[in-house]
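These numbers were taken from a predicted model, which means no experiment stands behind them. Hydrogens, waters and symmetry mates are skipped; everything else that's a heavy atom, side chains included, is used.
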Amino acid sequence: MGPARAAGWAGAAVAGVQLLHLAPAVSRLAVVRRYAAPAVAGRGAAGHVALTFDDGPDPESTPRFLDALDALGVRATFFLLGSMLERSPALGRDLVARGHEVGLHGWHHRTQWYPAPGRDLRELRRATEAITAACGARPLWYRPPYGVLTTGLALSARRLGLRTVLWTAWGRDWTADATPASVRRTLRPGLRGGATLLLHDADCTSAPGAWRSALGALPAVAERCRELGLALGPLRDHGLPPAVTAR
């Protein structure tokens with residue numbers, strides 16, 4: 001085999017590995033989540049809507065969400081970043097003390113485009129241990145940043161006993177022009193029994209101050225669920241089966 005042909009085969013092999021690594025990431029597409037991967041999307045019990053928040057905790061914004069949820073009598077699941085929790089560990093303890101559930105969003109908010117299973121496992125284990133130590137509760141759920149679930153992340157989450165859950169509806173609350181009204185409008189078509197809602201309680205990867213749009217939409221979201229006769233709460237009440245840990 002000549003050098004050019006060998007290089008071609010090597011390139012094809014690398015591309016094949018890359019494709020296998022990224023294949024699960026198609027679950028980020030709404031149509032795939034809806035029809036091919038409803039469990040990953042977080043489609044749950046018909047009478048329940050799961051309320052979830054990403055990217056925290058943040059000392060400026062997260063306490064406001066906790067106060068608002070207390071006033072509404074609603075509990076939620078917060079997908080935490082290890083790097084954010086490291087700066088504000090007391091917020092993690094406060095989340096749990098107020099009855100909320102913690103999930104894992106990774107250590108840093110970035111997409112791992114290149115396969116490195118050891119790296120993925122180390123990062124998720126580090127973040128899982130940090131959340132458990134700071135919050136006094138082990139996360140059961142995992143949501144990859146941007147919803148990009150690679151093979152390495154999927155296998156690492158499973159090995160750590162984490163159930164991967166994305167979302168069925170989001171509020172597009174991370175944009176600079178988002179408002180409470182726009183968040184409500186965007187969520188409304190997907191606000192139905194079994195839905196998992198994605199909002200953000202921090203702006204570390206969003207437009208500055210964008211979290212205010214989600215915060216302002218919460219009362220209307222809770223009211224709409226009441227009108228529909230739906231319970232609004234954390235993923236632990238959503239009727240999803242637990243993860244099966246890989247051996």
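- Side-chain contact check for Val221 versus Arg226: every heavy-atom pair is 4.5 Å or farther apart.
- Of all heavy-atom pairs spanning Ala222 and Leu232, the tightest one is CA-CD2, 3.9 Å.
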| said: Run Arg126 and Glu129 through side-chain contact (heavy atoms from CB on, under 4.5 Å) and show every step you take. | reply: CA-CA 5 Å; Arg126 178 188 182 193; Glu129 291 174 351; 5.6 Å; no

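- A heavy-atom distance below 4.5 Å is not found between the side chains of Arg43 and Val165.
- Between Leu235 and Leu51 there is no side-chain heavy-atom pair separated by less than 4.5 Å.
- In this structure, Val96 is not a member of the same hydrophobic cluster as Met84, with clusters built from ILVMFWY side-chain heavy atoms closer than 4.5 Å.
- Minimum interatomic distance between Ala130 and Leu85 (heavy atoms only, all atoms of both residues): O-CD2, 3.8 Å.
- Counting only distance, with no hydrogens or angles, the side chain of His238 and the backbone of Gly194 share a donor-acceptor pair below 3.5 Å.
- Note that CZ of Arg172 and OG1 of Thr175 are 6.5 Å apart. Values are rounded to the nearest 0.5 Å.
- In this structure, Val102 is not a member of the same hydrophobic cluster as Leu91, with clusters built from ILVMFWY side-chain heavy atoms closer than 4.5 Å.
- A distance of 8.5 Å separates CG of Leu104 from CD of Glu123, quoted to the nearest 0.5 Å.
- The closest donor-acceptor contact from the side chain of Thr196 to the backbone of Trp167 lies at 3.5 Å or more, if one exists at all.
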| task | Evaluate the side-chain contact (heavy atoms from CB on, under 4.5 Å) criterion for residues Arg138 and Leu162: first the C-alpha distance (whole Å), next the side-chain angles of each, then the deciding distance (0.1 Å), finally the verdict. | result | CA-CA 10 Å; Arg138 190 182 187 281; Leu162 299 165; 4.3 Å; yes

| task | Would you please test Asp237 and His48 for side-chain contact (heavy atoms from CB on, under 4.5 Å) and show each step? | result | CA-CA 8 Å; Asp237 299 333; His48 189 265; 3.6 Å; yes

| task | Walk me through it: do Asp67 and Arg98 pass the test salt bridge (Lys or Arg N to Asp or Glu O under 4.0 Å)? | result | CA-CA 10 Å; Asp67 290 344; Arg98 296 204 197 190; 2.9 Å; yes

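- Closest non-hydrogen pair, Leu191 versus Cys225, comes out as CD1-SG, 4.0 Å.
- Salt-bridge annotation for Arg188 and Glu223: absent, with no side-chain N of the basic residue lying under 4.0 Å from a carboxylate O of the acidic one.
- Trp141 and Glu101 share a donor-acceptor pair across their side chains, judged by distance under 3.5 Å alone.
- Taking 4.5 Å as the limit, some side-chain heavy atom of Leu166 sits within range of a side-chain heavy atom of Pro144.
- To the nearest 0.5 angstrom, Thr164 atom OG1 is 8.5 Å from Leu153 atom CG.
- Judged purely by atom type and a 3.5 angstrom limit, Ser83 uses its side chain to pair as donor or acceptor with the backbone of Trp107.
- Salt bridge absent: Asp55 and Arg143 never bring a charged side-chain N and a carboxylate O closer than 4.0 Å.
- Residues His100 and Leu69 form a side-chain contact, since some pair of their non-hydrogen atoms from C-beta on lies under 4.5 Å apart.
- Between the side chain of Thr186 and the main chain of Ser182, a donor-acceptor pair closer than 3.5 Å is present.
- We find the CG-CG distance between Leu155 and Leu149 to be 9.0 Å, quoted to the nearest 0.5 Å.
- Looking at heavy atoms from C-beta onward, Pro57 lies in side-chain contact with Leu80 at the 4.5 angstrom threshold.
- Closest approach of Pro63 to Asp58, counting heavy atoms only: CD-O, 3.3 Å.
- Using a 4.0 Å cut-off between charged nitrogen and carboxylate oxygen, Arg75 and Asp70 count as a salt-bridge pair.
- Without hydrogens or angle criteria, Asp173 side chain to Ser213 main chain gives no donor-acceptor distance under 3.5 Å.
- Taking 4.0 Å as the cut-off between side-chain N and carboxylate O, Arg224 and Glu227 count as a salt-bridged pair.
- Put simply, the side chain of Cys135 does not reach to within 4.5 Å of the side chain of Leu95, judged on heavy atoms.
- Nearest heavy-atom pair, Pro139 versus Ile131, reported as atom, atom and distance to 0.1 Å: CD-CG2, 3.8 Å.
- Ser88 OG to Asp94 CG: the interatomic distance, rounded to the nearest 0.5 Å, is 11.5 Å.
- With sequence neighbours left out, the side-chain hydrogen bond (donor to acceptor under 3.5 Å, both in side chains) criterion links Thr62 to Asp201.
- Within the structure, ring pair (Phe, Tyr, Trp, His ring centres under 6.0 Å) pairs that include any residue of residues 190-209 comprise Trp174-His200 (at least two apart or interchain).
- Two residues are said to be in side-chain contact when any heavy atoms from C-beta on lie closer than 4.5 Å; Tyr142 and His105 fail this criterion.
- Taking the centre of each ring, Phe79 and Phe53 stay at or above the 6.0 Å mark.
- Gly152 and Ser156 make their closest contact through O-OG, 2.8 Å (heavy atoms, listed as atom of the first residue, atom of the second, distance).
- Rounded to the nearest 0.5 angstrom, Asp54 CG and Thr205 OG1 are separated by 8.5 Å.
- Residues Val74 and Leu228 fall within the same hydrophobic cluster, defined by Ile, Leu, Val, Met, Phe, Trp and Tyr side chains chained together at heavy-atom separations under 4.5 Å.
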| How far apart are the C-alpha atoms of Leu215 and Phe65, what are their side-chain angles, what is the distance that settles it, and do they pass the side-chain contact (heavy atoms from CB on, under 4.5 Å) test? | CA-CA 6 Å; Leu215 181 65; Phe65 281 84; 3.8 Å; yes

